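Letters A, B, ... are given to chains in the order of the sequence lines, protein chains preceding strands, and every chain is numbered from 1. No hydrogens, no waters, no symmetry mates; every other heavy atom, side chains included, goes into these values. Quantities reported herein were computed from a predicted structural model and do not represent experimental measurements.
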Number of protein chains: 2
Amino acid sequence: MSRASEDTIAVRISKVLAERIVAGTLEPGTRLRQDHIAAEFGASHVPVREAFRRLEAQGLAVSEPRRGVRVASFSKEEVREVAEMRAALEELALRHAAPNLTSAILDAAERATRAGDRSGDVRSWEAANRTFHRTLLAPCGMHRLMAAIDDLHAASARFLFAAWRSDWEARTDHDHLAILAALRQGDIDQACTVLVRHVRAVNQRPLPIAGGMTRRLFVVGG
Amino acid sequence: MSRASEDTIAVRISKVLAERIVAGTLEPGTRLRQDHIAAEFGASHVPVREAFRRLEAQGLAVSEPRRGVRVASFSKEEVREVAEMRAALEELALRHAAPNLTSAILDAAERATRAGDRSGDVRSWEAANRTFHRTLLAPCGMHRLMAAIDDLHAASARFLFAAWRSDWEARTDHDHLAILAALRQGDIDQACTVLVRHVRAVNQRPLPIAGGMTRRLFVVGG
DNA sequence: CTCCCGCGAATTATAGATAATTTTTAGACG
DNA sequence: CGTCTAAAAATTATCTATAATTCGCGGGAG
């Protein structure tokens, strides 16, 4: 389906860089030097520049003319902002998806969230969580809306990984189950209410920092 | 402030092309050929390709690998989708902007909407309308949110211009005044309610088509 | 000692050239 | 008369090269 060789080189590069930025391999503020990246991918810098434009549009990188592009940094205000945007757009998506949700889809969503409960690390939990949301929302059939939500999910995942690099413990996600229960009963308003609260919930947790210090960082958990 | 010569060539090209697409000079489906555009701007095709990536991110163009890029087409479903996304995000922005709205800002917004009432053509009405919304919402201080709203406004303007190429008659925008009145009274909920209804309102109007036929098209009016 | 200036290395931005793919066109065949 | 095929033209995507700008560092003046 999405075989890498069918994409253009620029797309391939942007996907790899996006993964690294989200995963935290590339830390905020890191300069992305086109020649170095071009050399790494065995390409010239023209497709690299196009990849930069894509990352910029996703909010994963910032570019200053003539001064290069850096991995976007983020503050707790931006974490909040992304959470609020997600809440607003996911509610919209859910309201339009609801009429199209079959029990098969709801079952698939439940499998996704249960897989998340069993996950042993942050990355697999995030993947399962993203699947849960996408399974429920994609039936809205709104292309542009889903693209926007996907970008926000990438940003959320970045914040999550920045805070929970290790020491992750899975717990059953009661919000997800409550959303599914409400949808199965046809109570769309209730499902939306829980979804919005769930996505907006921003937890503050201690984050161990290199050097023995700890710093408080906001983490979106939904 | 935003002198064109301070931008990179790619940015400059993308702005001009965006204007043309929004204005309807470039019709949906039109192929954008990089060499031709490069020649027109007296530039090479590298910045043109970067401009394409920006347009793609804004939803104004679509690109198929190895097959070039075209001006994005749109359906009435997408018009609806953009209106709903605007409603959701503008409400969010207004709720966060409200605490920061001074009477000076509200007065500026009122001047903008009154300028729109006096406008003689669609383009100046749209500019005034956009100023009104941006004046009210920008104080939310949420950068990413405002960028998303700006892109949606561009899409809305495109739909508007596609339907109202000529025969425009200005009318006083009572919704705008109602929003301002509610904000002046500190009734944020009421302001949001009117704003959401206002943005979501999608009017169906007959659109004269070349050849004497008329076709129905959806137009966002807010 | 601090601050400012200027030179050199590194990097970005654009131009020109090349390879590969798609679209178009012309012609033959059914 | 339409359709399939193959060569030609046009176009995209990429690479290599060049110009312009920024960044870092060292020396000298105050």
Which whole-number value in Å describes the distance from [X] [atom1] to [N] [atom2]?
| X | N | atom1 | atom2 | value |
| --- | --- | --- | --- | --- |
| B:Arg70 | C:dT22 | CZ | P | 14 Å |
| B:Ile9 | D:dA20 | CD1 | C1' | 11 Å |
| A:Asp7 | C:dT21 | CG | C1' | 16 Å |

**Prompt:** So among B:His133, B:Arg200, B:Glu81, which one has a side-chain contact (heavy atoms from CB on, under 4.5 Å) with B:Arg86?
**Reply:**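 Filter result, single survivor: B:His133.
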**Item:** Among A:Val196, A:Ile149, A:Leu152, the one residue meeting side-chain contact (heavy atoms from CB on, under 4.5 Å) with A:Glu90
**Value:**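 Filter result, single survivor: A:Ile149.
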**Request:** Could you tell me the separation between the CG atom of B:Leu136 and the CG atom of B:Leu101, rounded to the nearest 0.5 Å?
**Result:**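 Here the interatomic distance stands at 6.0 Å.
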**Asked** To the nearest 0.5 Å, what is the distance between OG (B:Ser63) and CG (B:Leu55)?
**Response**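 Separation between the atoms: 11.0 Å.
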**Prompt:** Between the side chains of A:His153 and A:Asn129, does any donor sit under 3.5 Å from an acceptor?
**Reply:**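 Note: A:His153 and A:Asn129 side chains miss the donor-acceptor criterion.
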**Prompt:** Ignoring hydrogens and angles, does a donor from either the side chain of A:His45 or the base of C:dT11 sit under 3.5 Å from an acceptor on the other?
**Reply:**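 Between C:dT11 and A:His45, which were checked side chain against base, a qualifying N/O pair under 3.5 Å is absent.
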**Asked** In terms of the nearest nucleotide of DNA chain D, which residue is placed more toward the 5' end: A:Glu50 or A:Arg66?
**Response**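 Going by which nucleotide is closer to the 5' end, it is A:Glu50.
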Indicate whether OP1 or OP2 belonging to [N] is found under 4.0 Å from a side-chain N or O atom of [X].
| X | N | answer |
| --- | --- | --- |
| B:Arg67 | D:dT12 | no |
| A:Arg49 | C:dA13 | yes |
| B:Thr8 | C:dT12 | no |

**Asked** Do any N or O atoms from the side chain of B:Arg80 and from the backbone of B:Lys76 form a donor-acceptor pair under 3.5 angstrom?
**Response**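 No, the answer is negative, given that no donor and acceptor are paired below the 3.5 Å cut-off.
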**Steps toward salt bridge (charged side-chain N to carboxylate O under 4.0 Å, His left out) verdict (B:Arg130, B:Asp150)** = CA-CA 9 Å; B:Arg130 183 153 32 88; B:Asp150 284 344; over 6 Å; no
**Message:** I need the residues from residues 26-42 of chain B with at least one non-hydrogen atom less than 4.0 Å from DNA chain D; give them sorted by number, or say none.
**Reply:**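 Heavy-atom contacts with DNA chain D come from B:Arg31, B:Leu32, B:Arg33, B:Gln34, B:Asp35, B:His36.
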**Prompt:** Parallel under 30°, tilted from 30 to 60°, perpendicular over 60°: which one fits the rings of A:His176 and A:His198?
**Reply:**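 Correct class here is perpendicular.
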**Request:** Specify the residues of residues 51-63 of chain A, ordered by number, for which at least one heavy atom lies under 4.0 angstrom from an atom of DNA chain C.
**Result:**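 None - not one residue of the stretch has a heavy atom sitting under 4.0 Å from the strand.
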**Request:** Kindly determine whether A:Arg53 and A:Glu56 satisfy salt bridge (charged side-chain N to carboxylate O under 4.0 Å, His left out), including the steps that lead there.
**Result:** CA-CA 5 Å; A:Arg53 293 296 152 312; A:Glu56 211 182 337; 3.6 Å; yes
